[in-house]
Every structure is written in C-alpha cells, then in structure tokens.
Protein chains: 2
Amino acid sequence: MSQAKSKILSAATELFLSGGTSALSVRAISKKAGVSTIGIYSHFNGKQGILDELYIEGFQLVHDAMNIDVEGQSPKDIIMQGVQGYLNIAEKYEAHYRLIFGESDSSYTPSDIAQKASEQAFNRLIELASLLLPEHTSQGRKQRIALEVWAFLHGYVSLKHHVIASTVTPEQWNYLALRAVETHIDTIIDKHG
Amino acid sequence: MSQAKSKILSAATELFLSGGTSALSVRAISKKAGVSTIGIYSHFNGKQGILDELYIEGFQLVHDAMNIDVEGQSPKDIIMQGVQGYLNIAEKYEAHYRLIFGESDSSYTPSDIAQKASEQAFNRLIELASLLLPEHTSQGRKQRIALEVWAFLHGYVSLKHHVIASTVTPEQWNYLALRAVETHIDTIIDKHG
DNA sequence: TGTTTAACTATAACAGTGTTATGTTCAATG
DNA sequence: CATTGAACATAACACTGTTATAGTTAAACA
C-alpha cells in the first residue's frame, strides 16, 4: 500500500470514528489526508471504496472478537466470551457496527469482496455455536442456531441504538443482552445437548 | 388537514413506499403533489416534518399489528399473533420499518412527538408480553421480557435486510423468526408461568 | 366596490454532497 | 533528453435541504 493510500485510509478511519458517516465526505477525507479530491478516486473507488474498506474493517473486528481460545473451557463459557466480545466491539466501534448493518448510509451496498468479510465473520459464529451441538448435527441446523444467537444479539444492539423511549443505560443494555442470550443458550443446550 | 397538506403527505408516502428515503427529496415530493418547494416548509417542517409523519405512521402500523383480540385465546396464541403481525408489517411496509429503525436516513432523528408514537407501540408489546407473566410481576420485569421478544424479532428482521451472505429466502427468514421466538416464549412460560 | 391581507406561487440562491473533466506539474523511466 | 504516467489544483455538473426574494391570486373587510 502506497503512502498516500494509507494516509487516506487512516484519515477516513479517524473521521469515521469521531463523527460517523456524516463526517466522512470525500472532500473532508482528502483535506485531512493532504491529497487532492481525485486522490480518493485514483487510490480507492471513491466513496464506495472507502466505505468498503471500513465495512471490511468492521466485520474483521467482529470476527476477531469471536476468536476465542477454546482450550479447557466449556462450550457455554466459550460462546459467552464470544457474545461478550461482540457486544464490546459493537460499543467501542459503534460507527463500524452501524455501517455494517446499514444504519449509516442507506445508499451504500457492500461490494462482493466486502461481503466475503461478512461471510467469514458469520462462519466464525457458526463455529462457536456448533460447540453447543452434537457433532453429527447438520450444517443447516448449525447455521440456524448461529443465526438465532446472532439475531438475538444484534437485536439488542440495534434496539439500543434506536429505542430512546425506554430509559435504559448503555451498560444495562449490554447486561440485558448478555443475560437474555445466556438464557437462550441454556435452552439450546437443554434441547440439543 | 388542508387539501394541499394531505396531497403532500400522500405524495410523500407514495414515493417513500416505492423508492425508500432516497426517492424522497423535497423537490420530488413537491413536484408530485403539485405544490411549490416552499409548500413542504409551510405545511410541514420541511424534510424533518415529512419523515416525522412517516415515522409515526410506521410505529402506528406496528402498534395496530399487535392489536390482537384477546377473547378466548391462550396467552401464547395471542402473543404469537402479535409476532406474526409484526413480521407482516415489517415485510409489507419495509420502507417504514427501515425508517423507524434508522436504516434509511442516519441524519434523521425523530421529534419528541414522533418518539411518543414509538413508546405507544412498545407499551402495546409490553401488554402482550405481560399475558405470559403472573399478574403480580413488576413493571420492570414485564418491560424486560417485552424487550427480549422485541430484540429477538427485530434482530431477525434487521439481519434479513443486511445479511446477504447466507442464502435464506424472505419466507424462510419469517419462518425462522417465528419458530425462534416461539421457542423463546415457551421458555418464558416455563420459567415464569 | 376597492383595498388590504394572507397564502400561495416560481425563481434563484447558498452551502453542501459525490463525481468527473480539464489542464498542469513533476519525477521516473526508456 | 524526451516521454510517459501519476499526482496535482481548479472547476464544473447534477444533485441535496433550506431560505430569500418577488410575483400572483383569492378571500375578507371597510
């Protein structure tokens, strides 16, 4: 990666983290990176390219957050660590999280390459969820269970972003999510384990 | 409501349903409604006002979808009808759903009045969820249980919108959501009932 | 009936947005 | 040394929400 390219990317990330997508204009990035407006188009594919990079970055973060050391731990402990990591990332990198779930820029649709990153993160989650299930479980069932956990988790994060009605603090949201998912995982273990 | 005002609103709704927020420019609305651009500002509070109307409309739809006839039905049947209604609305009025959960226009934040509409819908859900619980259950616990169901449901709808990775059809998504929430409700009944 | 008032209209402007065309500068390569 | 290619600045295009200005029209009042 050329020097200009990395400078653009770090400028974009910086603007993104502090102000979300609304602060992420092509002119603002180029100004902060010290390159011309055209530079964003020659080094990246314009705004789309920048968002793709951040989208991939976001799913990479989620992926890594669920990279748990399996050694000598119960399946439940492992997956609960993954859940905790997921919630941490969602809070710490809220801008990324919003981007990968379309809460930032509705006109943006991730490129094929960017979508690969999302698949990888989901596969990671399937691996974790599989630990709860007997080995002979079909791939489809594993996917379905992973999707359950993901939907539950993401539902809490998304409600946290958009439900201003109920007076719940960010910490409480995370706690509620953690407890609810734990209960659900217990149910899964009871049923399939 | 004056004639011009209702014409603006129906034009906005029409554009919104067919093309989402991106098709909903002030100029496009005014052109379709046959009024001047300024009309949007004199009759409504500009774009913000239009989005507020649609936001309220969206939560009203959700609210009404959960308006179940309680007579002679088990708590589970009632709440499952509500869940079904929720999923139907989310599919039929996808643009509204995306708006009320911030997937449309990240620069939009609902006004105080609009937020009231969201509270009403949530209260409706709390009423439904309360049917699963003993009468003496505290309001906080009722809220928490309602939030669980909502998070689970919304998680599925939101993933359906944004997860392009896994090859799940819209019908399958709804089915999965329905089954997962049903299982969760059974767990709630077992625990608290 | 004449005048005033209020509500509408069109046009244009402002400051943004993403994107692209034009022409220039400058360093590296043949 | 000449050529090529990459980066540059400037400006433009078509759009966005919003606002100011000025013209039109119809109803209400004296």
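As the structure is a prediction and not an experimental result, all values here were calculated from the model. Chain naming here is simple, since letters A, B, ... match the order of the sequence lines and numbering starts at 1 in each.
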Exercise for the section: With heavy atoms under 4.0 Å as the rule, sort B/Ile29 into base, sugar-phosphate or nothing. Expected result: nothing
Exercise for the section: Say whether, by atom type as modelled, one donor and one acceptor occur between the side chain of B/Lys47 and the main chain of B/Leu24 under 3.5 angstrom. Expected result: yes
Fill in the blank from the handout: Rounded to whole Å, the CG-P distance (A/Asp105 to D/dT16) equals 15 Å
Exercise for the section: Determine, step by step, whether A/Tyr156 and B/His154 satisfy the side chain to side chain donor-acceptor pair (under 3.5 Å) criterion, reporting the C-alpha distance in whole Å, the side-chain angles of both residues, the deciding distance to 0.1 Å, and the verdict. Expected result: CA-CA 9 Å; A/Tyr156 267 100; B/His154 169 63; over 6 Å; no
Fill in the blank from the handout: Of the candidates C/dT11, C/dT19, D/dT18, the side chain of A/Thr37 sits closest to C/dT19
Handout entry: d(NZ, A/Lys31; P, D/dC8) in whole Å
Key = 16 Å
Handout entry: Any A/Ser25 side-chain nitrogen or oxygen under 4.0 Å from OP1 or OP2 of C/dT17
Key = yes
Problem - Base C/dG18 to side chain A/Arg27, donor-acceptor N/O within 3.5 Å cut-off - result: yes
Problem - B/His43 side-chain N/O to C/dC8 phosphate OP1/OP2 under 4.0 Å - result: yes
Problem - Euclidean distance, atom OH of residue A/Tyr41 to atom C1' of C/dA21 [Å, nearest integer] - result: 13 Å
Fill in the blank from the handout: When A/Val26 and A/Ile38 are each assigned the nearest nucleotide of DNA chain C, the 5'-most assignment goes to A/Val26
Practice task
Find the distance B/Ile40:CD1 to C/dA10:P and express it as a whole number of Å.
Solution key: 12 Å
Exercise for the section: Please work out which of the three classes, parallel, tilted or perpendicular, describes the rings of A/His184 and B/His184, given edges at 30° and 60°. Expected result: tilted
Handout entry: Atom-pair distance (CD1 on A/Ile8; P on D/dA7), nearest Å
Key = 9 Å
Handout entry: N-O pairing of B/Glu127 and B/Arg124 below 4.0 Å
Key = yes
Exercise for the section: Please work out if A/Ile50 contacts a base, only the sugar-phosphate, or nothing of the nucleic acid, heavy-atom cut-off 4.0 Å. Expected result: nothing
Practice task
Kindly say whether B/Thr169 contributes a backbone atom to a donor-acceptor pair with the side chain of B/Gln172 at under 3.5 angstrom?
Solution key: yes
Completion exercise
When rounded to whole Å, the NZ to C1' distance for the pair B/Lys47 and D/dT19 reads 17 Å
Exercise for the section: Figure out the CZ/P separation between A/Phe44 and C/dT19, and round it to whole Å. Expected result: 14 Å
